[in-house]
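Beneath this line is the structure, given in structure tokens, with notes to follow.
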Protein chains: 2
Amino acid sequence: MKAKITLKDIARELEVSISTVSKALKNSEEISRDTKEKVQAFAKLYNYKPNNIAISLKNKRTKNIGVVIPAIVHHFFTTVIRGIEKYANAKGYNVIVCLSEESFDREVINMEMLANGSIDGFIMSLSSETQQKGDYNHLKEVTEQGIPLVLVDRVTNEVDCDKVIIDDELGAYMATKKLIEQGRKKIALITTDDYLSVSKARTEGYRKALLESNMDIDENRILKLSSMQMDEKSIEVFFSKKKVDAVLCVNEIFTVFSMRLVQKKGLRIPDDISFIGFTDGVLSRYANPSLTVVAQHGERMGEIAAQMLIDKVENENEEGNYQTKILEPTLVVRDSTVN
Amino acid sequence: MKAKITLKDIARELEVSISTVSKALKNSEEISRDTKEKVQAFAKLYNYKPNNIAISLKNKRTKNIGVVIPAIVHHFFTTVIRGIEKYANAKGYNVIVCLSEESFDREVINMEMLANGSIDGFIMSLSSETQQKGDYNHLKEVTEQGIPLVLVDRVTNEVDCDKVIIDDELGAYMATKKLIEQGRKKIALITTDDYLSVSKARTEGYRKALLESNMDIDENRILKLSSMQMDEKSIEVFFSKKKVDAVLCVNEIFTVFSMRLVQKKGLRIPDDISFIGFTDGVLSRYANPSLTVVAQHGERMGEIAAQMLIDKVENENEEGNYQTKILEPTLVVRDSTVN
DNA sequence: TTGTAAGCGTTATCAG
DNA sequence: CTGATAACGCTTACAA
């Protein structure tokens, strides 16, 4: 086992000073061609690589960005991470991922862990428990410390920082409009509790589209479920009681589960009943029939968030002056709606 | 903006030395009750938290573990990460995730980036390109440097280190046996190129089960696809040409896609044709019909890997002496097979 | 009981 | 052209 070699080691072996080695490796003008060659050759031979930690301490820059998200077994978040990784890596940054698992406490703990010097900035999406509590002190603290923060998808107005979201209201509006255009009269909405910022916006888009078409909103056709776990029972009860000819769901899983349910009852999709979901993931693509969805462009969101963050990290002058980037959702039409 | 406070700041304000502050905060016996109280109160007031980077430099321990995986938009890897996070966080470690995106070069770059002091150890799963090339020098290098490494799922014999895998051969064997027991005679296998360690093992399990039941192996019933992208065309061609009554696929996507295909041709699942896939993810759970799968217990694998790694990190004495943990797969029977 | 100093690996400033 | 020194923030012998 050959342990990592340091500047000191090189200096000792070559009988020069540490600073000479440091400069030589940086190809400094100050150092003679001779010495530089000697040092560089030696360094290459022993595969010298500067120690990141030491550099971080010196520069007060870690080149790490902290990502705190509620869950990772969700296709959407997975694409966001991918986008972040892509941009961050290209810029020489590493991504430290922490999962809050929808828990407020875990979110706080993770942030504190990272805020003590481990990262240069945060990208995060709020846990549902945090949104429910409405307690954002942990976010305010990091921003007050001057650590840049970018909120993605699940955001709040209570914190001043950069944000990247998609226009969820518009997405739901587009989807609902689509269903109306296809002549659907009884359009249901399966969503989660309103404290989730995105669900709330989607519900509004749904209402807006109905109102605009002079269709009345039947509150009985709106099913609100917990965002924490999959509540299959409630969905079953819902479909056994309500007669609807179209359904908009706020995520893939609700949609696919519902589709299977109504198919078992003998309904044909999209002939008897249409479905539109949110998130353009594998579930949608490979469902049977394939699912029409509102695509959220998670990867793009991740990239933009990373870009905004790294911008702030590298130009600390432009503090304040926060932006909210709103991406347009896209309707991806597949077989669960009439074409 | 109140920037982070350091020991130095506290020392200056309280007019004591830095080491006194350090000791006081650690409740050292050496320090008088008075001073300790004063220092601790002040520290609490200004919310002092030690700087992780400085501590890392001092201890030569980062409390970070590096995870390099081929992809994140794969349910299986996602569960592995979750398992790693769970154990690592409980032990006070952060997880730095890097994606190789199935590319050898990205794998190498990421590892080099992290190996220069950013992490205490690696958990990784080989990219398919790496397995194809068979070039493992980047892994050997880190182990030679004394950085602990745990390989997960996609492993190689060429590198001496801890490993966690599931018994893929057994999984495929169990699945195939199941199909045979149900009276299936023409069992197809949809897999990926053999250089992927897991695919190879699964193919062997499939063969073994057939041989054991004195069924002959029709090579035409084995379809090998690229592991890099989803090759829908080939699957379509395959099913248009072959008559089979059961299919074992090495992942969820192949399975679900195939199921939809044959359903469109009017076949009924599982009456006319049965399906078994690998990976117990959302796709399987919410497919129609729900999918019988070989569960790989990714989360458990992640936890075990994290445990093995942190063990090695914290007891560097027990170097060498590598183990390979082999988990048993489980057959999760759902509706795509006769029960 | 408190403080000084060295060290972790680098870089930057300044003197030689 | 080269090297000593200080500094980043912290810990820990060792002095005082």
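So you know, we letter chains A, B, ... as the sequences are listed, proteins then strands, and number each from 1.
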Worksheet entry | 5' to 3' contact window, DNA chain C with chain A (heavy-atom distance under 4.0 Å) | dC8(C) to dC14(C)
Fill in: Criterion side chain to side chain contact (heavy atoms under 4.5 Å, CB included) on Leu114(A) and Ile96(A), from CA distance to verdict
CA-CA 9 Å; Leu114(A) 297 178; Ile96(A) 301 188; 3.8 Å; yes
Item to complete: Sequence neighbours left out, what pairs pass salt bridge (Lys or Arg N to Asp or Glu O under 4.0 Å) with at least one residue falling in residues 93-110 of chain A?
Response: Glu101(A)-Arg82(B), Glu102(A)-Arg154(A)
Worksheet item: Does a side-chain heavy-atom distance below 4.5 Å link Ile31(A) with Lys26(A)?
Response: no
Enumerate the protein-to-nucleotides 1-3 of chain D contacts in which both atoms are nitrogen or oxygen and the separation is below 3.5 Å.
residue: dT2(D); atom: OP1; partner: Thr35(A); partner atom: OG1; Å: 2.9
residue: dT2(D); atom: OP2; partner: Ser32(A); partner atom: N; Å: 3.0
residue: dT2(D); atom: OP2; partner: Ser32(A); partner atom: OG; Å: 3.3
residue: dT2(D); atom: OP2; partner: Thr35(A); partner atom: OG1; Å: 3.0
residue: dT2(D); atom: O4; partner: Glu30(A); partner atom: OE1; Å: 3.2
residue: dG3(D); atom: OP2; partner: Ser17(A); partner atom: N; Å: 3.0
residue: dG3(D); atom: OP2; partner: Thr20(A); partner atom: OG1; Å: 2.7
residue: dG3(D); atom: N7; partner: Ser19(A); partner atom: OG; Å: 3.3
residue: dG3(D); atom: O6; partner: Lys23(A); partner atom: NZ; Å: 2.1

Worksheet, complete the sentence: Contacts of Phe104(A) meeting ring pair (Phe, Tyr, Trp, His ring centres under 6.0 Å) (sequence neighbours excluded), chain-then-number -> His138(A)
Worksheet entry | Watson-Crick or G-U pairs under 3.5 Å in DNA chain D, rendered as dot-bracket with [ ] for crossing pairs and | for another strand | ||||||||||||||||
Worksheet item: With nearest nucleotides of DNA chain C determined for Ile18(B) and Lys8(A) from heavy-atom distances, which residue corresponds to the more 5′ nucleotide?
Response: Ile18(B)
Practice prompt. For the residue pair Asp135(B) and Val108(B), establish whether any side-chain heavy-atom pair is separated by less than 4.5 Å.
Written response: no
Discussion item. As a quick check of understanding, evaluate side chain to side chain contact (heavy atoms under 4.5 Å, CB included) for Lys312(B) and Asp162(B), giving each step before the final call.
Written reply: CA-CA 9 Å; Lys312(B) 276 281 190 320; Asp162(B) 286 325; 3.0 Å; yes
Fill in: Within residues 50-63 of chain B: residues closer than 4.0 Å to DNA chain C (heavy atoms)
Leu57(B), Lys58(B), Lys60(B)
Worksheet item: Taking the side chain from Lys36(B) and the backbone from Ser28(B), do they hold a donor-acceptor pair closer than 3.5 Å?
Response: yes
Fill in: Ser127(B) side chain to Thr130(B) backbone, donor-acceptor under 3.5 Å
yes
Discussion item. Could you tell me if Ser125(B) and Asp153(B) have a donor-acceptor pair between their side chains, going purely by distance under 3.5 Å?
Written reply: no
Worksheet item: Would Leu309(B) and Tyr93(B) count as a side chain to side chain contact (heavy atoms under 4.5 Å, CB included) if you check the C-alpha gap in whole Å, the side-chain angles of each, and the deciding distance to 0.1 Å?
Response: CA-CA 11 Å; Leu309(B) 184 70; Tyr93(B) 284 75; over 6 Å; no
Discussion item. Between Asp9(B) and Lys4(B), is there a side-chain heavy-atom distance shorter than 4.5 Å?
Written reply: no
Fill in: Asn94(A) side chain vs Asn64(A) backbone, donor-acceptor pair below 3.5 Å
no
